[in-house]
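Naming: A, B, ... by sequence-line order, numbering from 1 per chain.
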There are 2 protein chains.
Amino acid sequence: MLADRRLLVAGLALYDAVMNVIYVFYVSRPMDKFEVKLDQAARAAWMSYIGGMTQDEIASQLGVSRPGVQRLLALARQEGLVKVHIDHPISNCMALGSTLRDYFGLTYCEVVPADNHAADSAASYLAVAAAERIAQLIERSEPLTLSLGTGRSVRAAVEALSRVERPQHRFVSLVGNVARDGSANRYDAVMVMADKTGGERFLLPAPVVAETLAEKEAMLTQRLFKAIADVARESEAAFIGIGRIDRQATLFQDHFISESELDELLGLKAVGELLGWPLNRDGEVIDCSITRRVTSLPLERFGKHHMVAIAGGHEKAPAILAALRGGWLKGLVTDEVAARQIVEAL
Amino acid sequence: MLADRRLLVAGLALYDAVMNVIYVFYVSRPMDKFEVKLDQAARAAWMSYIGGMTQDEIASQLGVSRPGVQRLLALARQEGLVKVHIDHPISNCMALGSTLRDYFGLTYCEVVPADNHAADSAASYLAVAAAERIAQLIERSEPLTLSLGTGRSVRAAVEALSRVERPQHRFVSLVGNVARDGSANRYDAVMVMADKTGGERFLLPAPVVAETLAEKEAMLTQRLFKAIADVARESEAAFIGIGRIDRQATLFQDHFISESELDELLGLKAVGELLGWPLNRDGEVIDCSITRRVTSLPLERFGKHHMVAIAGGHEKAPAILAALRGGWLKGLVTDEVAARQIVEAL
DNA sequence: TCATCTATCGAACAAATGATCGTACGTAAG
DNA sequence: CTTACGTACGATCATTTGTTCGATAGATGA
């Protein structure tokens, strides 16, 4: 034990002069070569990352060339000697976001931190985050055509936007804003948006789900309807909500579909809805009597568009997952709760 | 004179209260802006350090300019959001550390690598290492009482800590923070600590060394002083510096003792100082006219505490050795230079 | 309400980092 | 002993990062 220590101290004394005789070490104990390197690497990493020294300083300190330090640092990283941790709640969100982005091939995915205590504040985060994204688009002065879906999230996002004078932009709704009873939704997201920017507004004068097939046909052939659909087709990006399919579904609560229709969808294993198109858990549009009467633009149309969904919350997770699986989305703004649930389900 | 001091103490208490109010005010509302910034900073840091993105990519992602990202990253580092850990036992330091630990029966001893040329960067290593240790303690949510000494090392360690909301903790200074001339040290380590955590602060309203024995007696019997001393006694751990006794001694440089007093200590073979208590080379507290006027809590009191010293550097080695020999310490964070010198002196 | 002041932002520049390539040295086979 | 191969090193260049300075917008106070 004591001899051991003596040896160690002697070794330490030697260490400073070691640079030029390293190979002596490794001739006598070849296995130590890599060890010594790793040791050096750790030292270099320490100086660089914690000490904040430049590679030149480290080089002169360690007695190697600057590229040598470069290689040591690369080695240290490659060997996983350097552990970086971001000490902030956002860190989790970022990790979740990039997982989702990579897995589903999204252009971007933003995950906002969810407050477990106050569910409403989480919704507000979502809105602000989405609003920022939208703001980036409408900020520019060249004319822009933007599509908007329905739903509380989209509404909230649009409301979180600040006023900017952009009369050259056009905003078009992808979903009919007429309820069964014929009443129009005065405060559609498109309305708010156009009010805030002074841009043009295009509303789909139709119910989400027509009463009959014939009614739908009549809608689709209307000149006005076609004109608006054309505008929608020109839009560069679309911000839409994702709906659940259950008793609390917006589609049902707002009387766009009847109770029996809801039951029919549930029977067909619908878990979510995009612009009124019901999706099964794999994200495929369910073909049924209801689907055939949906007046929204077909999802396939949006392949080339930048379709961004805004949705969050525990209960929405299955619906979001379905939409992702279907590959309909290019972007997603969600919250930590939903993101975590989705990642765990993968 | 005495009245003067009273006034001062009262003033200090008031000052403290005011600072607390200001702090709370600052935290509750206008901090929102700062919070958002930190969020952004954390995002940027994540993308940069974990995501491996370039600053240009991050800039376009976050919608700010590249220099903006630069500032965010700087903020993240400054606020301690970015924790870098080198996951490799650097053999030298490990060896030195375990030697010291075994020899002096310490609970732990951490030796950070130091470079002989740039002494200031060594101080930074020390700070980070010590900060990690402190962080482990304050991390927990049960109320904690922590003592802090003075000195640059302790200050730096506390500053290297990241912000954590821990209003339930209490921080108390073991050394008076009033200089001879009556001026109070506004940025005591305890202050910084409390600012970072939102915890309670307890400052010893006294000079380290009283002018006269009578003055010391007056201090010790003050209600406020006794109250704070009681809190200190309840603390579970103490992080303190180790002072040298020579022309460069902090105690002398900061006018806590006069030149003649310094000479007296040198004549009595003092080599170091712990909380103001001078030690000879065997670590025994030197009994002299000065010692009798020291207002800090007696070292014997800390027998059961977890007393950890933070000190490094060539010149501090004799003082550290003395403190170790005296058996006052349970833990030590030092640097390679000092550790090697101590090991060689054994 | 206006003037001034300060904090913030982005353009441009300087420094540092990461990557590529040619060279030289050591090793092993012919 | 020579030659061919592989490895590691360091000069050089492109890219990325950090800093400085002037401009701008919002805040503050008269």
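In the model, A/Ser235 has a side-chain atom that pairs as donor or acceptor with a side-chain atom of A/Ser147 under 3.5 Å. No hydrogens or angles considered: a donor-acceptor pair under 3.5 Å links the side chains of B/His314 and B/Gln341. Using a 3.5 Å distance cut-off with no hydrogens or angles, the side chains of B/Gln55 and B/Gln70 do pair a donor with an acceptor.
Each of B/Arg66 and A/Arg66 has a nearest nucleotide on DNA chain C; the 5'-most of these lies closest to B/Arg66.
Atom CG of A/Leu73 and atom C1' of D/dT17 are 15 Å apart (whole Å). Following rounding to the nearest Å, A/Tyr49 (OH) and C/dT17 (C1') show an atom-to-atom distance of 11 Å. Atom pair B/Gln40:CD and C/dC9:C1' shows a separation of 14 Å (rounding to whole Å applied). A straight line from CD of B/Gln78 to P of D/dG18 spans 14 Å, rounded to a whole angstrom. Here the C1' atom of nucleotide C/dG18 and the CE atom of B/Met53 are 19 Å apart, to the nearest Å.
Paired runs in DNA chain D that reach 3 or more consecutive Watson-Crick or G-U pairs, where each pair keeps both distances under 3.5 Å, cover C:1-30 with D:1-30.
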Listing time: all N or O pairs from protein to nucleotides 14-16 of chain C that are below 3.5 Å?
none

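A/Ile134 is listed as a side-chain neighbour of A/Phe239, based on a closest heavy-atom distance under 4.5 Å. The closest side-chain heavy-atom distance from B/Leu96 to B/Glu336 is below 4.5 Å. Considering only heavy atoms from C-beta on, A/Val343 comes within 4.5 Å of A/Leu100 through its side chain.
The side chain of B/Ser65 lies closest to C/dG10 when the candidates are C/dG10, C/dG18, D/dT17. Here the nucleotide nearest the side chain of B/Pro67, chosen from C/dG18, D/dG18, C/dG10, is C/dG10. Among D/dG18, D/dG10, C/dA12, the nucleotide with an atom closest to any side-chain atom of B/Gln70 is D/dG18.
The phosphate of D/dT7 (OP1 or OP2) has no side-chain N or O of A/Arg71 nearer than 4.0 angstrom.
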field: Stepwise side chain to side chain contact (heavy atoms under 4.5 Å, CB included) check, A/Gln168 with A/Glu142
entry: CA-CA 7 Å; A/Gln168 65 270 49; A/Glu142 300 94 78; over 6 Å; no
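Judged by the 6.0 Å and 45° rule, B/Arg166 forms no cation-pi pair with B/Phe171.
Taking a 6.0 Å sphere around CZ of B/Arg152, one finds it holds 12 or fewer heavy atoms contributed by other residues, nucleotides or ligands.
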